[in-house]
Number of protein chains: 2
Amino acid sequence: MGLRERKKERTRAELQRHALRLFRDQGYGATTADDIAAAAEVSRSTFFRYFPTKEDVVLFDDVDPVMDRVMRGLPPGTPLLEAVRTVVRDSFGSLDDEARALEEVRMELARSVPQIAAILRERNSFGVEQIAGMVGPAVGRPADDPEVVLFAGVVIGTRLAAVARLQAGAGRSYIDELDGLLARLAGGIPLADEPITRRPPGPAPARSPA
Amino acid sequence: MGLRERKKERTRAELQRHALRLFRDQGYGATTADDIAAAAEVSRSTFFRYFPTKEDVVLFDDVDPVMDRVMRGLPPGTPLLEAVRTVVRDSFGSLDDEARALEEVRMELARSVPQIAAILRERNSFGVEQIAGMVGPAVGRPADDPEVVLFAGVVIGTRLAAVARLQAGAGRSYIDELDGLLARLAGGIPLADEPITRRPPGPAPARSPA
DNA sequence: AATTCTTTTGATACTGAGTCTCACTTGAGG
DNA sequence: CCTCAAGTGAGACTCAGTATCAAAAGAATT
């Protein structure tokens, strides 16, 4: 690996490191691209060359390719839902120290900076297609099979639930929370058959999706 | 209702109508706030007074308060998952003509304009809290009960799956698709116990969530 | 119907994200 | 060295979103 590549890697890491630090210290909104560039001692142009948007600084991670590899390495016959659980656990487990540290910071930010939480939630809803693309082949079905897509949706939904729980201050780490919810899911969808009860009329919740 | 209020209502409707038309005709990104304001014959300032962001023009709808009302009107004892199905179906069914027409246009846009699809997907991932806030009370549990949150996540995930299917060109209407998937969910999480199979290594999918 | 009060509007200016272009620097390779 | 390509910085530009303020217009009062 030449000097050039190493330099690029270093620049990217520096930008991300300073960005996360600034976001934490002075807030996401109050940190301009200029601030980040200045802190990392490069020009604003360079910042945008590395990260197409400010959000991407937060979102860039090294987990994705790992997940696919782990999935491929699982013994055939593993039940799908359990396979997903394993993938989730092992992917994070196999990160090197630096990557894991970044992951920590990012999750910390997600907890403390509402604006970043929002971004993470947004981005997370991407991914039905990605999960479906990973899961479909694993069970020998096309990625657009309705059941594959639905399964993928359920997985994403579970992640959203995990993030929502963290947000609400329910202790534990992101990974433990997600793993726990996935485990619970193995027993079926909770409350699905729970009978609803009459309740007094109250104010409607702020927004629910269209 | 005074002249003032009527005028406001008309202005908002005009802004939204022209905005959606322009988005459809010349694309979301290529349509500036100025364009919309000009088309509706108001100033740019006024546009932002009615819609805090450009996205909000697409996202403004009248469905939300309805859902809560429908939920409250259901007979006690209805199983939760079925209750949600009913709420979804009836909420859309009870829209007046104009609201329904807007809903149509918005869904059409979601299908044909990728950028708007992305926005809708983003926004949709909000709502775990909202759904939990609606569902928790209905079964006599706190909104932050882990099972309530997980259930809410599953519902949102199912929606994402429905949207993903529409996007992929799977015919049907949004509401039919969602209803169908919810129905399927009543039989448990599909594929959860499906054994995975060995498969040849291939290119990793573009991105999956962190 | 003239006057006062309040809401709504338009004009203007500003910040910051993101894009583009172009000239300059600096690794890589002969 | 010298050349070429890759990476960088500077500056200008567009557009979203915010803030301010003065003019216009509906509502209320006499």
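Only heavy atoms go into these numbers, but all of them, side chains included; no hydrogens, no water, no symmetry mates.
- Taking atom CG on A/D34 and atom P on C/dG18, their separation rounds to 13 Å, with Å as the unit.
- For B/F151, the ring-ring contact (aromatic ring centres under 6.0 Å, His included) test picks out no residue, with sequence neighbours left out.
- Screening residues 34-44 of chain B for salt bridge (charged side-chain N to carboxylate O under 4.0 Å, His left out) gives no qualifying pairs among residues at least two apart or on separate chains.
- Annotation: side-chain hydrogen bond (donor to acceptor under 3.5 Å, both in side chains) contacts of A/T31 (sequence neighbours excluded): A/Q26.
- Distance A/K54 NZ to C/dG18 P: 8 Å, rounded to the nearest Å.
- Every side-chain hydrogen bond (donor to acceptor under 3.5 Å, both in side chains) that A/R89 has, sequence neighbours left out, goes to A/D179.
- Extent of DNA chain D lying under 4.0 Å from chain B heavy atoms, first and last nucleotide in 5' to 3' order, is D/dC15 to D/dA27.
- Comparing the end axes of the helix from C/dA1-D/dT30 to C/dG30-D/dC1, each fitted to five base pairs by superposing C1' atoms of four pairs onto the next four, gives an inter-axis angle of 10° (nearest 10 degrees).
- Not a single side-chain contact (heavy atoms from CB on, under 4.5 Å) links A/A143 to another residue, sequence neighbours left out.
- Contacts of A/S43 classified as side-chain hydrogen bond (donor to acceptor under 3.5 Å, both in side chains), with partners at least two apart in sequence or in another chain: A/T46.
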Identify the pairs formed between an N or O of the protein and an N or O of nucleotides 6-10 of chain C at a distance under 3.5 Å, and give each distance.
{"residue": "C/dT6", "atom": "O2", "partner": "B/R4", "partner atom": "NH2", "Å": "3.1"}
{"residue": "C/dT7", "atom": "O4'", "partner": "B/R4", "partner atom": "NH2", "Å": "3.3"}
{"residue": "C/dT7", "atom": "O2", "partner": "B/R4", "partner atom": "NH2", "Å": "3.3"}
{"residue": "C/dT8", "atom": "OP1", "partner": "B/K8", "partner atom": "NZ", "Å": "2.8"}
{"residue": "C/dT9", "atom": "OP1", "partner": "B/Y50", "partner atom": "OH", "Å": "3.0"}
{"residue": "C/dT9", "atom": "OP2", "partner": "B/Y50", "partner atom": "OH", "Å": "3.4"}
{"residue": "C/dG10", "atom": "OP2", "partner": "B/S43", "partner atom": "N", "Å": "2.9"}
{"residue": "C/dG10", "atom": "OP2", "partner": "B/S43", "partner atom": "OG", "Å": "3.1"}
{"residue": "C/dG10", "atom": "OP2", "partner": "B/T46", "partner atom": "OG1", "Å": "2.3"}
{"residue": "C/dG10", "atom": "N7", "partner": "B/R49", "partner atom": "NH2", "Å": "3.4"}
{"residue": "C/dG10", "atom": "O6", "partner": "B/R49", "partner atom": "NH2", "Å": "2.9"}

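- The shortest non-hydrogen separation linking A/R12 to A/Y50 is CB-CD2, 3.9 Å.
- Applying the salt bridge (charged side-chain N to carboxylate O under 4.0 Å, His left out) test to residues at least two apart or on different chains, the pairs with a partner in residues 136-150 of chain A are A/R141-A/D145, A/R141-A/E147, A/E147-B/R184.
- For A/R24, there are no salt bridge (Lys or Arg N to Asp or Glu O under 4.0 Å) partners at least two apart in sequence or on another chain.
- Considering only residues two or more places apart in sequence or on other chains, B/E14 meets the side-chain hydrogen bond (donor to acceptor under 3.5 Å, both in side chains) condition with B/R17.
- As rounded to whole Å, 8 Å separates atom P of C/dT19 from atom CZ of A/F48.
- Atom CZ in A/R10 sits about 10 Å away from atom P in C/dG27, given to the nearest Å.
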